[in-house]
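Computed over heavy atoms, backbone and side chain alike; hydrogens, waters and symmetry mates excluded. Computed from a predicted model, the values in this text were never measured in an experiment. Along the sequence shown, residues carry numbers from 1.
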Amino acid sequence: MNIKSFITASVLLATGLVANAQNQMPGKMHIGIVYPLSTNGTHAPLDTNNLSFNLLGGVSAAERGLAFAGLSNVVLHDAKGFLFAGFSNHVIKNADGGQFAGFLNTYGGGDGFAFAGFTNISSGNVKGAQFAGFANIAKEMNGAQFAGFGNVAKGGTASQFAGFINIAKDVKGSQMAGFMNVAKDVKGSQIAGFINIAKKVKGAQIAGFINIAESSDFPIGIVNIIKNGEKSIGVSTNDNLTTMLTFRSGGRVLYGILGVGYNFKNDKEVYAAEAGMGAHFFQSNSFRLNTELTAMSLESFKHGEYFSSSIRVLPALKIAKFLEIYGGPSLNYVNTNTIEGKDLNKHYISKWGNKGNDFQGLYVGYTGGIQVIF
């Protein structure tokens, strides 16, 4: 049997099966190989089906139940129900229900969910969810987007979760990305491995490095560029004579700390770097209480390491509108593998380790400084 005969026989068999099935159940069934080799033939683009099954690809005006295709489903108007395709589903207008495709779903919008191995693309409004191995794109999104790489929603309110980047206009919920979140207004949280960018944030911005916003009271990052927030550059020293030049930046309550400095007590491990988080309490025109959690390292860039983690309580007094002095106690945990690092402090509350190798200790110290606020 040649290919032409096989196709003809298959279509005739499918036609017989459908005719028999339609005598037993209501609704129209569509079975075929690929357009126009199907029970609907060349009339398929004008037909509405309750059940479609195509070995390769199917074309219809509308679907009202289930549609299966080994390669692609193409619906020229709308679909209500579930579409399954080995490669892609394409619905010109709304798709209400569910779409499952090995690679791609494209649709004009709808109420439901879409699963794609690579990308979901909607040119209209979506209520529901999009799940994709690489990216989701929607015009107006009300629901949630989940993607291995990135999500884009030009409007609407949605929560977004992506391995790399999320982009949205308005967010009511959360944006979580491995690298970057971008939004206009956020009523919820932005959480990113590196950077968050927004206009107004009513909630928390949490980034591995930097937050940028016009207004954000609770930015949690090393650097926070908040238009209506506070930034300062200051000089401080502590009980072991480590002097730091520090940049503090944040919102009304929370701020980040980033600093570099030099230790005047050591001979080898003298270069200092510091990062941390802080919070303002009991604020008035002239006084406030700053509490900070920081991590610092001293390096010679040759051998030996010194790390310390500190909790600081720093009463601060404004001596001018733009100038503040501060100072207070700190509780410090030290981990070092050098004799020089161990001997930076002589009075430990508790210590363990021996001869400077993998030495750990806990002690109470102090920090004080002055900073210019802008």
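- With Asn54 contributing its side chain and Asn73 its backbone, the two residues share no donor-acceptor pair below 3.5 Å.
- Note: Phe82 and Phe113 have tilted aromatic rings, judged against thresholds of 30 and 60 degrees for the angle between ring planes.
- Between the side chain of Asn224 and the backbone N or O of Ser249 there is at least one donor-acceptor pair closer than 3.5 Å.
- Judged by distance alone, with hydrogens and angles left aside, the side-chain atoms of Asn120 form a donor-acceptor pair with the main-chain N or O of Ala114 at under 3.5 Å.
- Put simply, the side chain of Ser189 never gets that close to the backbone of Gly203: no donor and acceptor are under 3.5 Å apart.
- Put simply, the side chain of Ser330 never gets that close to the backbone of Asn332: no donor and acceptor are under 3.5 Å apart.
- Legend: residues meeting side-chain contact (heavy atoms from CB on, under 4.5 Å) with Ile167, ordered by chain and number and at least two apart, are Val152, Ile165, Val182.
- The aromatic rings of Phe68 and Phe53 sit tilted, their planes meeting at an angle between 30° and 60°.
- Distance CG/Leu293 to CG/Leu331: 10.5 Å, rounded to 0.5 Å.
- Between Asp358 and Lys342 there is no salt bridge, since none of the side-chain N atoms of the basic residue sits less than 4.0 Å from a carboxylate O of the acidic one.
- Rounded to the nearest 0.5 angstrom, Glu324 CD and Ser286 OG are separated by 10.5 Å.
- Looking at Asp96, its side chain does come within 3.5 Å of a backbone N or O of Asp111 through a donor-acceptor pair.
- Expressed to the nearest 0.5 Å, how far CD of Gln371 lies from CZ of Phe247 amounts to 11.0 Å.
- Annotation for Phe282: atom CZ does not count as buried by contact number, only 12 or fewer foreign heavy atoms lying within 6.0 Å.
- A donor-acceptor pair under 3.5 Å is formed between the side chain of Gln283 and the backbone N or O of Arg252.
- Each of Glu292, Glu274, Glu230 was evaluated against Arg248; a single residue qualifies, Glu292, per the salt bridge (charged side-chain N to carboxylate O under 4.0 Å, His left out) test.
- Between the side chain of Asp78 and the backbone N or O of Ala62, no donor-acceptor pair lies under 3.5 Å.
- By the 30° and 60° cut-offs, the orientation of the rings of Phe118 relative to Phe134 is parallel.
- Ring geometry for Tyr262 against Tyr271 counts as perpendicular: the plane angle is over 60°, on a 0 to 90° scale with 30° as the lower cut.
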Worksheet entry | side chain to side chain contact (heavy atoms under 4.5 Å, CB included) evaluation trace for Val372 with Leu323 | CA-CA 5 Å; Val372 176; Leu323 195 63; 4.0 Å; yes
